[in-house]
2 protein chains.
Amino acid sequence: MPGTRLDPIDRKILAELQADGRMTNVELARRVGISAPPCLRRVRTLEEQGFIRGYHADIDARELGFEVQVFAMVGLVSQAEADLSAFEDRCRAWPLVRECHMLNGEVDFILKCVAPDLSSFQSFLTGELLTAPNVASVKTSLVIRGAKDEPGVPFDVLEARLSKSA
Amino acid sequence: MPGTRLDPIDRKILAELQADGRMTNVELARRVGISAPPCLRRVRTLEEQGFIRGYHADIDARELGFEVQVFAMVGLVSQAEADLSAFEDRCRAWPLVRECHMLNGEVDFILKCVAPDLSSFQSFLTGELLTAPNVASVKTSLVIRGAKDEPGVPFDVLEARLSKSA
DNA sequence: CAGGCGACGCAATAATGTTTCGCTCTTGCG
DNA sequence: CGCAAGAGCGAAACATTATTGCGTCGCCTG
């Protein structure tokens, strides 16, 4: 329901839970300026309406031995919808592929992959990705280092935007 | 401490919290097969050691009006360390840039950006990114649709790997 | 084999999560 | 303007969970 607009308290709740998903409801209520029960009701509603998709611990992959991160640009032979879906299904089944986005432009898909080491990735690349049906070309780029990694919504931009249109 | 190896219970804890970061400690303890107090102690330790970087609610950006997602491939004029760092600092300051990774290959950086609409992104692109110091080239690709988006660690791969090396 | 270290589980207490209930404020209509 | 209906809030009560303290067990070490 795009019609179900959020009030400033709801947006604050989302921003706080994005920053710290394990915050207690009491603390959350204190920060957004209401008491605990209505705060919990709002959180439940936001979950049901799909604004909150879930909660996840942010695990350090490198500490667990996944030292390689790679972006793969994939071009397909056929861009028919059935072939696109088939490739997406394959990506969902590959554990080393953590993200798969369909793009416009010369490249059809971009994949974010992780692997324990280079040889693991290369065996995945040559044994799985390059040999998958309908794959025409793959260009890979190793991540040398990460400078910023904050998936989520820039709530400061959202608030600025809303205050303008109001 | 890379020497501080994790036992199967610790890895199970990480996997469960990655899947559901708001799980209660009681439920977590039940799932990993130990009682609540030592389970909580392990979680605290994992947090302190940096295996768990934090907890975040997964917010649906599209529902909040961020309908555009873009990957930007950026090439710089100078790849001197000071210039690389300067660009990374700039990326950290741009709210529309959610991720910034330094790559090998022909492109220096890949940026994942969000924006409320195309014109917002284009004004960022022309007014900020393209005019930033040291930026030589930017190629952007719109995300048509997302097929998979599961940042994190593939714990099934990790377990398979460990059982082999054991 | 005794001592010490580490980790576990149990039990008790503090804190939090969750439901219930009554109140207030807003909205729409006579 | 006044009233009735509905939504949202806060205080209190109850259920669940988090946290601490302590005793026990297994294991390594000297």
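Naming convention: chains lettered A, B, ... in sequence-line order (proteins, then strands); numbering from 1 in each chain.
One atom, CE of B:Met23, and another, P of C:dG17, lie 16 Å apart when rounded to the nearest Å. Taking atom CZ of A:Arg22 as the reference point, atom C1' of C:dG17 lies 14 Å away to the nearest angstrom. Whole-Å rounding puts the A:Asn25 CG to C:dT18 C1' distance at 9 Å. If you measure from atom CZ of B:Arg30 to atom C1' of D:dT16, you get 15 Å, rounded to the nearest angstrom. The nearest whole Å value for the distance from the CD atom in B:Glu27 to the P atom in D:dA15 is 21 Å. Atom CG in B:Leu40 sits about 16 Å away from atom P in C:dC10, given to the nearest Å.
For A:Tyr55 and A:Gln18, the side-chain atoms include no donor-acceptor pair closer than 3.5 Å.
For an aromatic pair to be called close, the ring centres must be under 6.0 Å apart, and A:Phe71 with B:His101 satisfies this. Checked against a 6.0 Å centroid threshold, the rings of B:Phe87 and B:Phe109 count as neighbours.
Closest approach to the B:Arg44 side chain among D:dA18, C:dT18, C:dG17 is made by D:dA18 (side chain taken as heavy atoms from C-beta onward).
B:Met73 and A:Ile144 fall into different hydrophobic clusters, where Ile, Leu, Val, Met, Phe, Trp and Tyr residues are linked whenever their side-chain heavy atoms come under 4.5 Å apart, directly or through other members.
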Protein N or O to nucleotides 7-10 of chain D N or O, pairs below 3.5 Å:
unit_1, atom_1, unit_2, atom_2, d
D:dC9, OP1, A:Arg42, NE, 3.2
D:dC9, OP1, A:Arg42, NH2, 2.5
D:dG10, OP2, A:Ser35, N, 2.8
D:dG10, OP2, A:Ser35, OG, 2.9

Please list each protein N or O that sits under 3.5 Å from an N or O in nucleotides 27-29 of chain D, with the distance.
none

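Heavy atoms only, all atoms of each residue included: A:Leu129 and A:Val135 are closest at O-CG2, 3.6 Å. Minimum interatomic distance between A:Arg98 and B:Gly152 (heavy atoms only, all atoms of both residues): NE-O, 3.4 Å. When all heavy atoms of B:Arg90 and B:Pro133 are compared, the pair lying nearest together is NH1-O, 3.6 Å.
A donor-acceptor pair under 3.5 Å is formed between the side chain of B:Lys148 and the backbone N or O of A:Cys91.
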Let me see the working for A:Thr45 and A:Gln49 under side chain to side chain donor-acceptor pair (under 3.5 Å), right down to the final yes or no. CA-CA 6 Å; A:Thr45 303; A:Gln49 291 181 327; over 6 Å; no
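Counting heavy atoms from C-beta on, the side chains of B:Leu118 and B:Glu67 never come closer than 4.5 Å. A:Val114 places a side-chain heavy atom less than 4.5 Å from the side chain of B:Pro154.
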Bracket string, DNA chain D, 5' to 3' - pairs by Watson-Crick or G-U geometry under 3.5 Å, | interstrand: ||||||||||||||||||||||||||||||
